[in-house]
Amino acid sequence: MQRYSVFAIAREAVRYHMGWERAWASPQPKASYDAIIVGAGGHGLATAYYLGKNFGITNVAVIEKGWLGGGNTGRNTTIIRSNYLQDPSAAIYEKARSLYETLSQELNYNVMFSPRGLLMLGQTHHEVRGYLRTVHANTLQGVQTEWISPQRVKELVPIINIDGPRYPILGALYQARGGTARHDAVAWGYARACSAMGMHIIQNCEVKGVRSENGQVTGIDTTRGFIGCKKLGMVVAGHSGQLAEMAGFRLPIEAVALQALVSEPIKPCMDVVVMANTVHGYMSQSDKGEMVIGGGTDGFNNYTQRGSFHHIEETLRALVETFPMISRLKMLRQWGGIVDMTGDRSPLISKTPLGNCFINCGWGTGGFKAIPGSGWAMAELMAKGEPGPLAEDFSMWRFKDGQFIDESVAAGVAH
Amino acid sequence: MSTRLAKGGRLIDRTAAMDFHFNGKVMRGFAGDTLAAALLANDQMLMGRSFKYHRPRGVVGSGPEEPNALVNLGRGARLEPNQRATTTELFDGLEATSQNHWPSLEFDVGVVNNYAARFMPAGFYYKTFIHPRPFWKHVFEPVIRRAAGLGKAPTEGDADRYEQAYAFCDVLVVGGGVAGLLAAKAAADAGQRVILLEQTATLGGRTPVDEADIDGTPVDTWIAAIESDLRARDNVTIRTRTCGFGVYDHGYVLADERVADHTPGDGRPKHRLWRIRTAKIVTATGAIERPLSFAGNDIPGVMLASAVRDYVVNHAVSPGDRTVIATNNDSAYQTALALKAAGLEVPAILDARDTATGALPEAARAAGIRVLTGRGIAKVKGGKRVTGVAVCTQAGEGAVLEEITCEAVAMSGGWSPVVHLFSHCGGKVKWDDNLSAFIPDASRPPVNHDGSPMVSVVGAAAGCLSLANILAGLRDVSGKTAIRLPDVCQTPDGSVSIPPVWVMPQGAPIQLRSKMWLDYQNDVKVSDVQLASREGYQSVEHTKRYTTLGMATDQGKLSNINGLAVLADSLNEPIPQVGTTTFRPPYTPVTIGALAGESRGEIFQPLRRTPMHEWHEKSGAYFEPVGLWHRPYCFPRAGETHEQAVHREVLNTREKLGLLDASTLGKIIVKGPDAGRFLDMLYTGVMSTLPIGKCRYGLMCNEQGFLSDDGVVARLDEETFLCHTTSGGADRIHAWMEDWLQCEWWDWKVYTANVTEQYAQIAVVGPNARKLLETLGGMDVSKETLPFMQSADGTLGGFPARVYRISFSGELSYEIAVPASQGAAFWEACHKAGASLGAMPYGTEALHVMRAEKGFIMIGDETDGTVIPQDLNLDWAISKKKADYLGKRGQARTFLASPDRWKLVGFDTLDGSAIPDGAYIVADGTNGNGQRNVQGRVTSTYHSPTLKRGIAMGLLKHGPQRMGEVVEFNTIQGETVKARVRDTVFFDKDGEKQNV
């Protein structure tokens, strides 16, 4: 792999950047692999990466229907946080967050992880009690969070309105090491590192069927022919249900549209990420200067990447109320993604009814922040055939037992 | 220099001069100018700086496609960043400043990036700023953030207001050019209700600039005639300054009307958001001219040929005395002719095509203009202003044939039909080789619910680039007035042909390609797209994201197709195979205020007030939001803290008499022959056996078995129940009931009605409660006649009342419902009658403290969506006899039936303090992820004024079996709080106070 550095750029500048290599190869699929990951989004690529890095398994293909990183990895609002309430969630999101801290150096690709701080506003007494509970839980989980006063909120976010009138800000749950990263770069960085380990990333290749014998997957039929595998990992988010159906089992998943938007870029005015769950909206400012805004999910299941516009209006009402200065900015782009939701809004990192087939999905509205941790846990599950401590609570059979990991207590808003 | 011409200008009114400020300098323009036109008229070609390299930039276009001429408009509470000068109508006193530079527009330190541009190609930031790690957050990123961004961030709220409105029609026409006007007329003639939207202030589109006449009538006359015809009709509405920016499912279109942008502060709303539902959409959105990619195509003075024409014809503004034309098609010759007609010089037309033989080229030649075919621009000369061009052969590699001095370059690389609205909701586009452009694919339009086409496209938006083509397609051959609309798309007649010229000259070496701008604002060059392709970012989406092509505020209107063509060329694939990026709303950026509308401040959300709300306000209540309600948290008196007020309210209620406004309590009538059966399924207990006039406490669970709401049910008659829900839960529970009745048990004979707001409800609580009711008089409320958990209808103090003998405080307590209209009067009557009995109002916090003292659970405190009734020792409220109820199966699952669940107990802290809100009960050791083990948590914790110590309830593993044991709660500070496990009833264990 060609190393990236300021020196490499200087060297290339002399020859008008004609010497840069491809970031990832575009190989022909082999007849079979030790492991196939379906889905070259962040989670799929991270799974492949840690299979190679942590377990030395590099005879791996990552199969992608479209272009890598083109699903929710490239459509989210790039927030990274781990201030979750329940132990299993806090563990995996904090693992992810801590991996993000050094990901640029590890991948030799600047993913621009920016621990700029993240606030969740408390705007009702009930919400305040909920966040105090989160702070207490986080203290025991090794997640650094604190409860801060409205005055401190105002210092951190000068553009915020803390006085209401409808929902004055009573304080905030603050995670100083939460923040954002460049979403595309996460997928591209992992893809480049996987390719460097000799893994095959095969784009524009759609899975048409999953073949199995005696309860074991033998390979997949794709638009580029049959590809055999010893192990199969399904990491396809919104389309998990369809892929599972090909393999002959059903998932406790439903798909809904979640929307986001950005404003036109302006000069820096807000360093931290602010989430306002009572009024339902959240906002951060990208390095380009765009205000990045997210809101709620549609109330019905669908696969269109559009969503209902009244959610955009609701979100903007909430944010104009919270940040009155955005009123004269303009909405530049608006888009939707399909999120895969489980009954308890927590993911599946799980074995399946097929012995050598594993699934990672159900990240709902909060998958981007989990990518490194999710890949780490999924790689362990695929390599060992059994979940490690990070994944063991996220089995799909928890719905049968009733052992939910319910985060709706802590996060009323999509995130 | 650019300047105002002595005569002409079809849109300006020379009698109405307007003074405005640009970067503090006073300038003068005319009514009818855009800010861009007025700046040009004042020789202000330099209007901004680019995003990445801070290169000096002048205006390129004349409409919403403009990438360069962005300004901070206004100031203070009327500051609007990134306002396009080309679409900003001039008004007297307008103030604008240019953006993204320091210290000034003319001298910008940031231009250092330009000199370092070679070190900053597409995606360079992914390859560097990696080491040392802390530098990203503390050094690199802050510098990048400051350098990035464009306009100034406003610091104040918005001084203006915004409206939102709904409209309905049969045919919505978007675009008021000739094609749109004809389409509107066709629909209107057919008797349909028509709305026509036009984004600019005037109708007519490009035709008045580009053509002399229509059917022999001068264009402006023709347009005035059709406009007055349409305006005279009842079934036609025309809205100018209104941009239809998004098409959504089922004929839903959003449009932004700029009501008062040009008359700020006149009291009208700044914008009005139109939500339009229409049976049919016709887009007549025209086409946008494309730049040509030649070296130096971003130097101020290089403009779109159509824009040059617009400024000359519409505003009588000359971009410079000498303008060289560079083109690959005939339309730019119109610019040459317009310039010539205005008395300006056109030293040469450089036509990339080998031959140019159409009527327009011939007319140009006849006008004495030098036409050079097979030629292109090797390089534009100049820095902050064009000084000349170097001419080369288009087929070559840029060897300079001659240099021509000039002040402006008018370029045309062809036309891109505006297919955005057609594509927003799923319509597909196809590549037209003849036009070198994407046009709507008539076979794959966006469709309605029944599969019929939702959007039709007419005019240039459909690729019909000549007026003759438009007119012929929209009119019957039989006569000039009969008009017809295409089913989906008007068809190009092939009369206009535009050969592809994606790079000029064709064989340009890298030195030239790295000076050819595709995306002006984001500084993406031909060489950047080629680099992305070389590095494997070959999907069009990868290229776009890696280079930021098309992601600026002009949304790629000028750059997307040129960039795509360069990418296709790099990949050696045909353009349609490489594809196009998705067109998403909005077509042009929309002001956020318009989308938020009037909902801000006090009316940000609907405010629900109880009938007694005004009384509470007058009495100095401190409110808390509960759903959309505002409820008094407490009634602090002068000098009292909230905490002191709560304590006083608790003690007064326990010792004398407290009055609570309980009107927000959910009240749902469930009525019908199957009402009892229905409630038996909804609640964990049995309601069907409840005698008339009796009350029963009930629990509701979701299908998973988790406790979701509680409340008292009263049976009013054989078939009628009144279900009380929590204040926050009323709407949710009503929807829950309807969900089951409509989707699952649709054949059950049950009706429900949410009557929460129909009744005011007052809790009269305390030892003097009965005395108060007796003072009011009218009903027998004695222990014998109205025992605990019974209700009665009657009259109290002259008010029709329903009295429930129920208690959430452990005191003697009545809840009295009266019609909402009489709530305030009844509340005051209670206070008057209670004055001598020590009556005081109390708020929600005193309510919470008193219920906690009695060990009553509160939904949302003891429950959080993961708690089942059994966890709260509420097994007594769960029927063992019933075959089923919602949640029963869920509760039977192994994890929910486990004996190891955390269960509700009370806690006494050893030191008498109150346990911190949210604390967990720690256990020994850590789990597999290194997290401290826990065995429970606090759910309610208060300082009890009655007991003068902290009280708490919480969930503890095996809790009820551990009475007397001391456990430790964690705190945020690190130390722990020790507490002894006890039962949950802290006060009046035997209920002596309640049962009197």
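Just so you know, these numbers come straight off a predicted model, no measurement behind them.
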Handout entry: Heavy-atom pair with the smallest gap, counting every atom of A91(A) and N929(B)
Key = CB-ND2, 3.5 Å
Completion exercise
Cut-off 4.5 Å, heavy atoms of chain B, and the answer for D184(A) is side chain
Exercise for the section: Please flag which part of S26(A) lies under 4.5 Å from any non-hydrogen atom of chain B: side chain, backbone, both or neither. Expected result: neither
Handout entry: Atom group of H310(A) that falls short of 4.5 Å from chain B, counting heavy atoms
Key = neither
Practice task
Report yes or no: is the cationic atom of K288(A) (NZ for Lys, CZ for Arg) closer than 6.0 Å to the six-membered ring centre of F51(B), at no more than 45° off its axis?
Solution key: yes
Handout entry: Interchain contact, Q891(B) with chain A, by part (heavy-atom threshold 4.5 Å)
Key = neither
Problem - Whether W188(A) and Y537(B) hold their rings parallel, tilted or perpendicular, with breakpoints at 30° and 60° - result: perpendicular
Exercise for the section: Give a yes or no on whether the backbone of M120(B) and the side-chain of H17(A) come within a donor-acceptor separation of less than 3.5 Å. Expected result: no
Exercise for the section: Please list, chain by chain and in numerical order, all residues satisfying ring-ring contact (aromatic ring centres under 6.0 Å, His included) with F604(B), sequence neighbours excluded. Expected result: none
Problem - Region of R182(A) that comes under 4.5 Å of a non-hydrogen atom in chain B - result: side chain
Handout entry: Check: E321(A) side chain, G601(B) main-chain N or O, donor-acceptor pair, under 3.5 Å
Key = yes
Practice task
Select one option (side chain, backbone, both, neither) describing which atoms of E94(A) are under 4.5 Å from chain B's heavy atoms.
Solution key: neither
Problem - Which portion of K52(B) sits near chain A, non-hydrogen atoms under 4.5 angstrom - result: neither
Handout entry: N933(B) versus chain A, the contacting section by heavy-atom distance below 4.5 Å
Key = neither
Problem - A137(A) backbone acceptor or donor facing R937(B) side chain under 3.5 Å - result: no
Handout entry: Backbone N/O of F399(A) and side chain of R893(B): donor-acceptor pair under 3.5 Å
Key = yes
Exercise for the section: Select one option (side chain, backbone, both, neither) describing which atoms of L68(A) are under 4.5 Å from chain B's heavy atoms. Expected result: both
Completion exercise
Cut-off 4.5 Å, heavy atoms of chain A, and the answer for Q164(B) is side chain
Exercise for the section: Assess whether atom CH2 of W397(A) is packed by more than 12 heavy atoms of other residues, nucleotides or ligands within 6.0 Å. Expected result: yes
Practice task
Check each atom of H424(B) against the heavy atoms of chain A and say whether the ones under 4.5 Å are side chain, backbone, both or neither.
Solution key: backbone
Exercise for the section: Could you check if a side-chain atom of H125(A) sits within less than 4.5 angstrom of a side-chain atom of E624(B), using non-hydrogen atoms only? Expected result: yes
Handout entry: Salt bridge present between R129(A) and D861(B) (N-O < 4.0 angstrom)
Key = yes
Practice task
Indicate yes or no for a side-chain donor-acceptor contact from K137(B) to the backbone of P115(A) under 3.5 Å, with no hydrogens or angles considered.
Solution key: yes
Exercise for the section: Tell me, for N100(B) versus chain A, whether the close heavy atoms (under 4.5 Å) come from the side chain, the backbone, both or neither. Expected result: both
Handout entry: Any donor-acceptor N/O pair, Q555(B) side chain to R333(A) backbone, under 3.5 Å
Key = no
Exercise for the section: Could you look at T553(B) and say if it's the side chain, the backbone, both or neither that has a heavy atom under 4.5 Å from chain A? Expected result: both
Fill in the blank from the handout: Whatever's closer than 4.5 Å to a heavy atom in chain B on A318(A) counts as both
Practice task
Examine R118(B) relative to Y16(A) and say whether NZ or CZ is less than 6.0 Å from the centre of the six-membered ring and inside a 45° cone about the ring axis.
Solution key: yes
Problem - chain A contact via L73(B) - which portion, at a heavy-atom distance below 4.5 Å - result: neither
Exercise for the section: Scan for salt bridge (Lys or Arg N to Asp or Glu O under 4.0 Å) pairs involving residues 144-159 of chain B, sequence neighbours excluded, and state none if there are none. Expected result: D271(A)-R145(B), D287(A)-R145(B), R328(A)-D158(B)
Practice task
Step through the shown structure and confirm whether more than 12 heavy atoms of other residues, nucleotides or ligands are within 6.0 Å of CZ on R11(A).
Solution key: yes
Practice task
Under 4.5 Å heavy-atom distance to chain B, tell me which part of T102(A) shows up: side chain, backbone, both or neither.
Solution key: both
Handout entry: Portion of F7(A) that has a non-hydrogen atom of chain B nearer than 4.5 angstrom
Key = neither
Practice task
Determine yes or no for a side-chain-to-main-chain donor-acceptor pair under 3.5 angstrom, with N970(B) supplying the side chain and H136(A) the backbone.
Solution key: yes
Practice task
Could you tell me which portion of A191(A) (side chain, backbone, both or neither) has an atom closer than 4.5 angstrom to a non-hydrogen atom of chain B?
Solution key: neither
Exercise for the section: Go through the atoms of V6(A) and report whether side chain, backbone, both or neither lie under 4.5 Å from a heavy atom of chain B. Expected result: both
Completion exercise
If one checks every heavy atom of F706(B) against chain A at 4.5 Å, the contacting part turns out to be side chain
Handout entry: Region of V934(B) that comes under 4.5 Å of a non-hydrogen atom in chain A
Key = side chain
Handout entry: Minimum-distance pair of heavy atoms, taken over all atoms of L896(B) and G402(A)
Key = CD1-O, 3.2 Å
Problem - Part of A147(B) lying under 4.5 Å from any heavy atom of chain A - result: backbone
Exercise for the section: Name the region of A892(B), side chain, backbone, both or neither, that has any atom closer than 4.5 Å to a heavy atom of chain A. Expected result: neither
Problem - Considering all heavy atoms, the nearest T591(B)-S327(A) contact - result: CG2-O, 3.2 Å
Problem - M18(A) side, atom CE; Q530(B) side, atom CD - distance, nearest 0.5 Å - result: 7.5 Å
Problem - Under 4.5 Å from any heavy atom of chain A - which part of L607(B) - result: both
Problem - Carboxylate-amine/guanidinium proximity below 4.0 Å for E101(A) and R133(B) - result: yes
Problem - Aromatic ring proximity F309(A)/Y252(B), centre distance under 6.0 Å - result: no
Problem - Residue pair N110(A) / T128(B): nearest heavy atoms and the distance that separates them - result: ND2-O, 3.0 Å
Fill in the blank from the handout: Cut-off 4.5 Å, heavy atoms of chain B, and the answer for K95(A) is neither
Handout entry: N108(A) versus chain B, the contacting section by heavy-atom distance below 4.5 Å
Key = both
